Number of protein chains: 2
Amino acid sequence: MTQTRTTRLERGRSALGPALELVHTGRAPTRAVLTSELGVTRATAGAVAAELEALGLITVDSRPHASAGSQGRPSHRLFVNEDGPVVLAAQIHADGYRAALVGLGGRIVATTPSCGIIPADPAQVLAEVVEAGAALLRETGRRCLGAGLAVPSAVAEPDGEALNPLHLAWPSGAPVRELFLRALAEAGIPGVTEKIGFTGNDVNLGALAEHRHGAGRGARHLLCVASGHRGVGGALVLDGRLHSGSSGLALEVGHLTVHPEGAPCHCGSRGCLDVEADPLAFLVAAGREPGPEVSLLHQAVELLRNEYSEPGVRTAADLLIDRLGLGLAGLVNILNPDRIILGGLHRALLEADPERLRAVVADRSLWGRSGGVPILPCSLDHNSLVGAAELGWQPVLNDPLVVLD
Amino acid sequence: MTQTRTTRLERGRSALGPALELVHTGRAPTRAVLTSELGVTRATAGAVAAELEALGLITVDSRPHASAGSQGRPSHRLFVNEDGPVVLAAQIHADGYRAALVGLGGRIVATTPSCGIIPADPAQVLAEVVEAGAALLRETGRRCLGAGLAVPSAVAEPDGEALNPLHLAWPSGAPVRELFLRALAEAGIPGVTEKIGFTGNDVNLGALAEHRHGAGRGARHLLCVASGHRGVGGALVLDGRLHSGSSGLALEVGHLTVHPEGAPCHCGSRGCLDVEADPLAFLVAAGREPGPEVSLLHQAVELLRNEYSEPGVRTAADLLIDRLGLGLAGLVNILNPDRIILGGLHRALLEADPERLRAVVADRSLWGRSGGVPILPCSLDHNSLVGAAELGWQPVLNDPLVVLD
DNA sequence: CTGGCTTTGTGCCGACGCTAAACAAAATAC
DNA sequence: GTATTTTGTTTAGCGTCGGCACAAAGCCAG
């Protein structure tokens with residue numbers, strides 16, 4: 001119990017938020033790093049750390065630990081408080097929905113199994129998933145500071161409507177943010193009064209999670225591309241902030257042309273990435289009849305992992321890698337990211353033949369410098385869920401004193 | 001002479017920079033607006049304005065002026081100081097080079113005529129253009145606070161090398177930023193010691209200028225596309241900041257596929273925007289033999305403006321509008337900007353048939369909401385030059401107290 | 001083991017940049 | 001002319017952070 005806090009920090013915009021974000025994203029393991037990262041003095045960093053500890057958000061390990069061999073006094077280490085508050089995260093996807101409690105640092109504290117049936121009524125789905133989350137809160141007794149939701153469709157800003165949720169039987173334009181907030185209010189979940197944030201596209205939120213806690217950590221301009229059930233989604237994190245466009249419709253990368261003579265697409269064009277490099281396209285290219293029992297993504301990934309040695313599967317994979325590479329090269333020319341992360345089927349394609357994909361991207365993007373961008377598989381389980389939690393954490397990261405209510 | 005400044009503001013990060021930027025971009029005509037835009041109290045806004053006035057950067061008109069009919073005490077109006085310091089702006093383009101002095105607010109105070117010959121040695125060109133700028137400084141007796149340079153090629157970060165300057169006889173990889181800084185030092189221009197900024201791609205800088213002073217003012221996500229001599233350039237301003245990618249190569253939009261069966265491009269693909277919608281493509285489509293006397297851009301724009309009624313010209317224009325629209329639609333799907341500004345030949349195409357272009361973009365981008373993005377012609381003369389000046393102004397906008405040296 | 005050296009953490013004081021609140025000024029509304 | 005609205009200024013005060021001195025805790029040299 002360190003009660004020796006002397007400089008009382010009061011509510012307002014101070015270094016508290018940035019400091020918490022550094023610990024949250026694992027970039028501030030000690031007070032010393034906090035000092036240099038924030039650009040403040042040791043005195044300030046110490047006071048900020050003490051305040052965050054007093055708020056119950058972080059813990060400090062004062063015991064001497066095996067130091068890294070450098071001389072000088074060893075630092076005390078800072079951790080997010082594993083037993084601290086959580087946010088409620090919810091995800092709707094093609095195979096079902098899932099609720100979880102996520103702590104600082106992006107750690108999933110508790111989760112429900114994925115429920116496999118999606119009712120056609122968005123309000124009912126959201127009420128069910130929020131109730132599942134509320135049950136987790138009751139079981140664990142954790143304090144809840146916010147909530148976030150990931151949906152498998154574009155989310156129109158500023159009102160948060162789900163546009164063209166192709167994988168679900170939902171109507172286009174369903175006001176998911178409003179329905180989610182209403183469900184939270186009905187379930188008595190606190191900390192969700194604000195009208196901003198809280199709902200986002202799953203690929204976007206997965207990208208945000210990867211940037212903060214996964215393979216995208218440290219990237220300045222991060223591009224994520226992932227194929228789920230049908231179609232291809234993209235997301236872009238610029239200087240730590242999600243770019244979702246002026247109305248939430250950015251990175252609709254599914255309609256890049258990657259095969260001019262290719263299959264027709266519902267958008268009216270031909271050979272779009274959406275129809276040339278998604279799970280269905282892979283199964284068809286490999287000559288398999290897609291079955292209805294499990295998701296197309298699951299079938300495609302299993303086929304790729306288990307039967308890659310078969311020539312037909314290998315050929316289909318090469319074809320999709322080439323198409324995907326062409327699309328990524330186009331994005332590289334436009335966005336010039338310093339890292340690319342792939343999810344879903346595209347992750348499996350990358351892992352099947354990393355060199356082929358990298359070569360295609362480097363070959364078709366301008367100048368080797370830009371073409372040499374690292375391409376990595378995503379590294380988090382349930383990254384959309386963790387990303388949804390980031391939405392709920394954001395007010396706390398902006399001003400940790402909101403914890404005091 | 002208002003000497004009644006009481007609250008002395010000292011060097012450091014205060015509201016001075018944001019306040020100056022608001023006046024600079026014309027978004028703070030009065031102290032009252034400054035108060036609300038900065039989110040500070042009237043007392044602070046007043047002190048900040050007084051300090052900026054004392055620094056010689058802005059002027060205050062205390063005389064009563066014809067108020068806008070609203071009740072309450074009329075505001076005093078704030079202006080950038082027309083007789084204040086300037087920055088040296090330089091531009092290299094296909095037709096020559098030009099130097100200018102640019103004040104706050106993006107106003108061109110003095111400019112040289114465009115010199116029509118570009119020597120093959122970058123160092124010599126930059127020495128000449130800087131010397132022309134130095135001569136302007138001597139003539140006008142203005143104080144110089146910085147400098148900026150616009151070049152017609154991608155500029156690789158972080159070192160500032162010109163990549164593939166197709167329009168010039170320069171070698172690719174010429175270290176233009178270093179050469180520019182050296183020329184400035186030789187000419188004794190002050191305020192250019194820092195190693196960051198100061199050199200950028202002309203379309204990027206034009207976009208920045210349009211965002212701050214022209215048709216892009218107020219846009220949150222601004223996309224600019226322009227065709228100059230050959231090829232097509234793009235630029236993106238996000239939340240007021242230029243996105244030039246992780247290595248300065250973003251928005252190389254010239255290789256979007258807009259005509260799958262189109263002409264081969266040096267990038268290895270076919271039907272790229274670069275070869276389908278630039279001035280040469282237009283002249284060829286209209287059945288004209290491009291002459292060597294003036295620039296291709298000039299020939300194309302003149303043809304479009306003077307002979308639009310001729311069927312062949314009209315048909316060629318429609319063709320290019322369709323190609324350009326396809327490329328813009330692809331960009332809209334990826335970037336979801338809230339405004340698009342066109343320059344060069346594309347501006348002329350827009351003005352020739354605005355409805356056709358808007359219809360193509362709306363038709364080929366997803367969802368009307370995203371497709372309804374406003375498309376405007378650029379509105380500044382010499383926007384690249386003004387944008388280059390913005391690079392020079394940036395340190396002053398970050399901390400106006402640098403004026404004190 | 002002892003005495004430097006280096007790095008980290010803390011207590012104290014002051015300064016800077018802002019807010020809050022009262023007051024003053026200049027216009028319109030009635 | 002008086003009330004109301006909006007803008008600008010003055011004064012007091014507070015919060016956050018920098019500067020500095022000092023203490024603590026580990027290496028390293030002898």
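Sequence lines set the chain letters: A, B, ... in the order given, protein chains first and strands last, and positions in each chain run from 1. Values in this document were obtained by computation on a predicted structure and should not be read as measured data.
- Atom CD of A:Gln71 is separated from atom P of C:dT6 by 7 Å (rounded to the nearest Å).
- Atom CZ of B:Arg27 has more than 12 heavy atoms from other residues, nucleotides or ligands within 6.0 Å.
- The side chain of B:Arg42 lies closest to C:dA22, out of C:dG17, C:dG9, C:dA22.
- Between B:His221 and A:His243, the ring-plane angle classifies as perpendicular under the 30° and 60° cut-offs.
- The base of C:dG9 lies outside donor-acceptor range of the side chain of A:Arg31, with no N or O pair under 3.5 Å.
- Computed from coordinates, the B:Asp399 CG to C:dC16 P distance equals 14 Å when rounded to whole Å.
- For A:Asp61 and C:dG9, the CG to P distance is 12 Å, given to the nearest whole Å.
- B:Leu34 has its CG atom 15 Å from the C1' atom of D:dT9, to the nearest Å.
- The distance between atom CD of B:Glu51 and atom C1' of C:dC16, rounded to the nearest whole Å, is 13 Å.
- One can find a donor-acceptor pair under 3.5 Å joining the base of C:dT8 and the side-chain atoms of A:Arg73.
- Rounded to whole Å, the distance from CZ on B:Arg77 to P on D:dT6 is 20 Å.
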- Message: Could you walk me through whether A:Asp159 and A:Arg177 satisfy the side chain to side chain contact (heavy atoms under 4.5 Å, CB included) test, starting with their C-alpha distance in whole Å, then the side-chain angles of each, then the deciding distance to 0.1 Å, before giving a yes or no?
- Response: CA-CA 7 Å; A:Asp159 295 326; A:Arg177 179 171 304 154; over 6 Å; no

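- Here D:dG19 is the nucleotide among C:dT19, D:dG19, C:dA22 with the atom lying nearest to any side-chain atom of A:Ala43.
- When distances are taken from the side chain of B:Thr41 to each of C:dA20, D:dT9, C:dA26, the shortest belongs to C:dA20.
- Between the CG atom of B:Leu38 and the P atom of C:dG17 there is a distance of 15 Å, rounded to whole Å.
- In this structure, the nucleotide among C:dA22, D:dG18, C:dT19 sitting nearest to the side chain of A:Val40 is D:dG18.
- For C:dA27, neither phosphate oxygen OP1 nor OP2 lies less than 4.0 angstrom from any side-chain nitrogen or oxygen of B:Ser70.
- Note on A:Thr44: every side-chain N or O is 4.0 Å or more away from OP1 and OP2 of D:dT16.
- For CZ of A:Arg241, the number of neighbouring non-hydrogen atoms (other residues, nucleotides, ligands) closer than 6.0 Å is 12 at most.
- Backbone-only contact: B:Ser75 has heavy atoms under 4.0 Å from sugar-phosphate atoms and none from a base.
- Between B:His24 and B:His213, the two ring planes are perpendicular [angle over 60°; tilted spans 30° to 60°].
- Rounded to whole Å, atom P of C:dG9 lies 13 Å from atom CD of A:Glu53.
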